[in-house]
Amino acid sequence: MVSSLPAPDIQSLVSVALEQGTLSRRDHLSLSAAMLSNPLLSSRDRQYINQIFDSIRAGRVRLAD
């Protein structure tokens, strides 16, 4: 099982990914796991994760190996 990221790490991870335009597949998996399996995730953190997923779908951020 993939461990979820602590709240400050989610915000910084998303900020860096948006700035650089890339997100590692491992970080993508961690964010997905946090979103799906952490009932204590704040609504703010969910917004950050949704923002990066929307950016991936829109092509503004790409997944890197």
**Item:** Gap separating the CE atom of M35 from the CG atom of L41, nearest 0.5 angstrom
**Value:** 7.0 Å

**Prompt:** Is there side-chain contact between Y48 and L31, with at least one heavy-atom pair below 4.5 Å?
**Reply:** no

**Asked** Do L13 and L23 have side-chain heavy atoms sitting under 4.5 Å apart?
**Response** yes

**Request:** Measure the CD1-CD1 distance between I52 and I10 for me, rounded to the nearest 0.5 Å.
**Result:** 12.0 Å

**Request:** State the CD1-NE2 distance between I49 and H28, to the nearest 0.5 angstrom.
**Result:** 10.5 Å

**Message:** Is it the case that the side chain of N50 and the backbone of R46 share a donor-acceptor pair, with hydrogens and angles ignored and the cut-off at 3.5 Å?
**Reply:** yes

**Request:** Determine whether I56 and R62 make a side-chain contact, defined as any pair of heavy atoms from C-beta on separated by less than 4.5 Å.
**Result:** no

**Message:** Under a plain distance cut-off of 3.5 Å, with no hydrogens placed, do S30 and D27 share a side-chain donor-acceptor pair?
**Reply:** no

**Asked** Checking R60 side chain against L18 main chain: does a donor-acceptor pair fall under 3.5 Å?
**Response** no

**Asked** What heavy-atom pair brings S37 and P39 nearest, and what distance separates the two atoms?
**Response** O-CD, 3.2 Å

**Prompt:** So how far is it from S32 OG to R25 CZ, rounded to the nearest 0.5 Å?
**Reply:** 11.5 Å

